[in-house]
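Scroll down for the structure; my scribbles are underneath it.
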Protein chains: 2
Amino acid sequence: MITKVRRSPNTTIKDIARESGVSYSTVSRVINNFEHIKPETRERVMDAMTRLGYVANQHARSLVGGRSQVIGLLIHAFDSSYIGQIIQGIDEAVAEAHYDLMLYTTHRRKIRESSFVVSLARGLADGLLLVLPRDIEAYLDTLGQQGFPFVLIDYAATSSDVPSVNAANQQGAYDATLYLAKIGHRRIGFITGDMVADSAQERLMGYKQALAGSGIAFEAELVFQGDFYQSKGFEGANSLLSLDNPPTAIFASNDMIAFGVYEAVRNRGLRTPEDVSVVGFDDIPQAAQVHPSLTTVRQPLQEMGRIATQMLLRWIEEDLDEPLGYTQLATELIVRDSACSPVDSVFYRSRSAMPSSDERR
Amino acid sequence: MITKVRRSPNTTIKDIARESGVSYSTVSRVINNFEHIKPETRERVMDAMTRLGYVANQHARSLVGGRSQVIGLLIHAFDSSYIGQIIQGIDEAVAEAHYDLMLYTTHRRKIRESSFVVSLARGLADGLLLVLPRDIEAYLDTLGQQGFPFVLIDYAATSSDVPSVNAANQQGAYDATLYLAKIGHRRIGFITGDMVADSAQERLMGYKQALAGSGIAFEAELVFQGDFYQSKGFEGANSLLSLDNPPTAIFASNDMIAFGVYEAVRNRGLRTPEDVSVVGFDDIPQAAQVHPSLTTVRQPLQEMGRIATQMLLRWIEEDLDEPLGYTQLATELIVRDSACSPVDSVFYRSRSAMPSSDERR
DNA sequence: ACTCTTTATACAAACGTTTGCAAAAAGCTT
DNA sequence: AAGCTTTTTGCAAACGTTTGTATAAAGAGT
């Protein structure tokens, strides 16, 4: 049924052995840097390897060694550059450790998720990274019971014995909201993310907490439920700005939403930040390129990917009996040009028409 | 040096054999759907497999069978959602064929590219997909000589014996420019992509060709050299609009650039499309969400990924002696709200302030 | 020179499959 | 009931490594 494709008969450890006049086990020991090898022999073997262009067969290695040098990465889609940033961090850490990366996208197909986890657990990968997983409950058990190493990214672990990495979402939202309050805003709108994500919940809590801390009463009408996409941001801002008493500032749960807010503000003949201040969350690369450049809460996305990977590798390589708990990374408010004091509005026109964007970083 | 992690002794084909009272080769044949198996035996074996939760060890399989059921994907970064769309297409096709996807990012590290190609060729993957590759020459030979299956995506094959998939960039640019000319524009600005990419070159040619076809003289001052990023779009539009005789329309080499143009137009107190018509290229998801929604040349990105994958799989599985040539996919002009006749400008204000966006699709 | 470590190498088994070959079982034909 | 074909099953070898155990070579100490 399956046609064999047998490529050029690959050079194996035995070819090297023959070529350099030693046994194949010696070759293996040279490859794996064993101590008791006569320098001269080592030399001869190495030589033969480069001459014949030897590359070890990873499958044979995994078969006997049990390790595949591969880690699996499960994501659900390639929305925006949020995920790209995380992957970049992962990729770097993975490459450094000489592992490879197997990619699984779920595209909202729930069922597939748990089924592939099983197959992963059986040899294909040594560990698994899950970014922003939905319905983990389904396969968390499977993973846990098998003692299969895994780390969650951007998932607020409800029980802290689940190894995970995320950002200080609540603190970040708190900082952003407090900043707006500090520069004088009293009516601050908020557009949420998709509330099934923990991060969305946490950001809302941070917003509320900062209001409370600033002596501003929470008003439900100032909160619009979004979904992390630009169009809902547009819609949300339109809704908020249509209020009888509209907000002077809008805090968006991510940068894409903020871009939608930009559009809505403009569409109504208003200006950012003179008429409406805007603050985002994430600090995706576009945030700095946009006009006016976006004041936003920076989430260390690459860092998150990198750290999660390192945690995972430690679990894989050090045969721990306990999992590694969870790590929370600090966020940072990046002040750019999209927010100013409401009182500034009047004087703002004296500034140049083309905002100077990133000068202050 | 390496600590063994030996997980729970996995159930193998032999366990199943013992459990169901047959030999392990029979089990293997049941798994691989051989014809001469007594239905009752098959039943018994299947039963044991589900009971013991058997999953085949892929490494052992590859070792003997030569096939790893993995295909490698080489990309250089996760810019914008352009790459995401392509990956989605790839991922779907790969999943359908029950293969897995190994991800390699090069992050502008040229050297690594060629080195890993070698290691891939030795067992880890059965084939390779390269998206928008730079300096292929370096390792194209390696691949070609080894007879290792590979397909390039979004690379204009100079010699048509290189298997590749891309979009009709020139035709698409031609269509867009012609469209602008048809609705009355005579001065059409153009912002290029990164000219090291073939697609950028082709789009420029399409632009020139359409001008010629419309009896409009090409003017070098109307072409600004960009790099596919939003900030260069902003810069480029500012430059073009500062000309003594500025263009009434700007054709951007991709959607991100078009967004930059949007910003520049606004920043000068002008409006899209009333004062400056804008057309993009790609049709990334954001293009439809933006205000005004962007008229753009749709590149069938997912389709490209899917088709490239299918080509690759055919090469892998059907043991062809000849490679598969190259496939070019048609583009489609998606008319939305960002371009109108220059004469419309005067009357445009009668339209509602909030453009109706995607209604006409 | 003779045992005793230490260093260096070789052999063989194992990892979990697939598959060619051979043997056993079952059906047919006479 | 013997002979033949066809279906069904089992054994063993192979894939390319790693690694435990055994052996050979080389120094060290007497």
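The chains referred to below are lettered A, B, ... by the order of the sequence lines, with proteins before strands, and numbering in each begins at 1. As a basis for the values below, the full set of heavy atoms in this structure was taken, side chains included, without hydrogen atoms, waters or symmetry mates.
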A/Tyr24 side-chain N/O to C/dA13 phosphate OP1/OP2 under 4.0 Å = no

key: Spacing of A/Ile31 atom CD1 relative to D/dT19 atom P, expressed in whole Å   = 12 Å

ask   = In whole Å, what is the span from the CG atom of B/Leu52 to the P atom of C/dG16?
value = 14 Å

request  = Give a yes/no answer on whether the side chain of A/Thr41 brings an N or O atom under 4.0 Å of OP1 or OP2 in C/dT9.
outcome  = yes

task = Answer yes or no: does a side-chain N or O of B/Ser25 lie under 4.0 Å from OP1 or OP2 of D/dC11?
result = no

ask   = Atom CG of A/Leu63 and atom P of C/dA13: how far apart are they, to the nearest Å?
value = 17 Å

query = Between B/Asn57 and C/dC15, is there a side-chain N or O to OP1/OP2 distance below 4.0 Å?
reply = no

request  = Would you please confirm or rule out a distance under 4.0 Å between OP1 or OP2 of D/dG10 and any side-chain N or O of B/Ser23?
outcome  = yes

key: A/Ile153 side chain near A/Ile90 side chain, heavy-atom distance below 4.5 Å   = yes

query = Among C/dA10, C/dG16, D/dT19, which nucleotide sits nearest the side chain of A/Val22?
reply = C/dA10

ask   = Is there side-chain contact between B/Met102 and A/Leu101, with heavy atoms separated by less than 4.5 Å?
value = no

inquiry  = Test your reading of the model: is there a side-chain donor-acceptor pair from A/Asp126 to the backbone of A/Gln69, 3.5 Å cut-off?
reply    = yes

query = For the pair made of CD in B/Gln58 and P in D/dC15, what is the distance, rounded to whole Å?
reply = 19 Å

key: Among C/dT17, D/dT9, D/dT18, the one nearest A/Ser28 by side-chain distance   = D/dT18

ask   = Could you give the CD1-to-P distance, from A/Ile13 to D/dT18, as a whole number of Å?
value = 5 Å

key: Exam field: side chain B/Asp100 to backbone B/Val70, donor-acceptor pair closer than 3.5 Å   = no

inquiry  = Can you tell me if B/Arg61 touches the phosphate of C/dT18, counting only side-chain N or O atoms and a distance under 4.0 Å to OP1 or OP2?
reply    = yes

inquiry  = I want to verify a distance call: between D/dT17, D/dT9, C/dG16, whose nearest atom is closest to the B/Thr12 side chain?
reply    = C/dG16

Donor-acceptor pair present, A/Arg29 side chain and D/dG20 base, under 3.5 Å = yes

Side chain of A/Lys38 - closest among C/dT18, D/dT17, C/dA8 = C/dA8

task = Specify the separation, in whole Å, of atom CZ of B/Phe34 and atom C1' of D/dT8.
result = 13 Å

Rounded distance [0.5 Å steps], CD1 in A/Ile83 versus CG in A/Leu73 = 7.5 Å

request  = Could you state the atom-to-atom distance from CD of A/Glu35 to C1' of C/dT7 in whole Å?
outcome  = 10 Å

request  = Could you check how far CD of A/Glu40 sits from C1' of C/dT9, rounded to whole Å?
outcome  = 13 Å

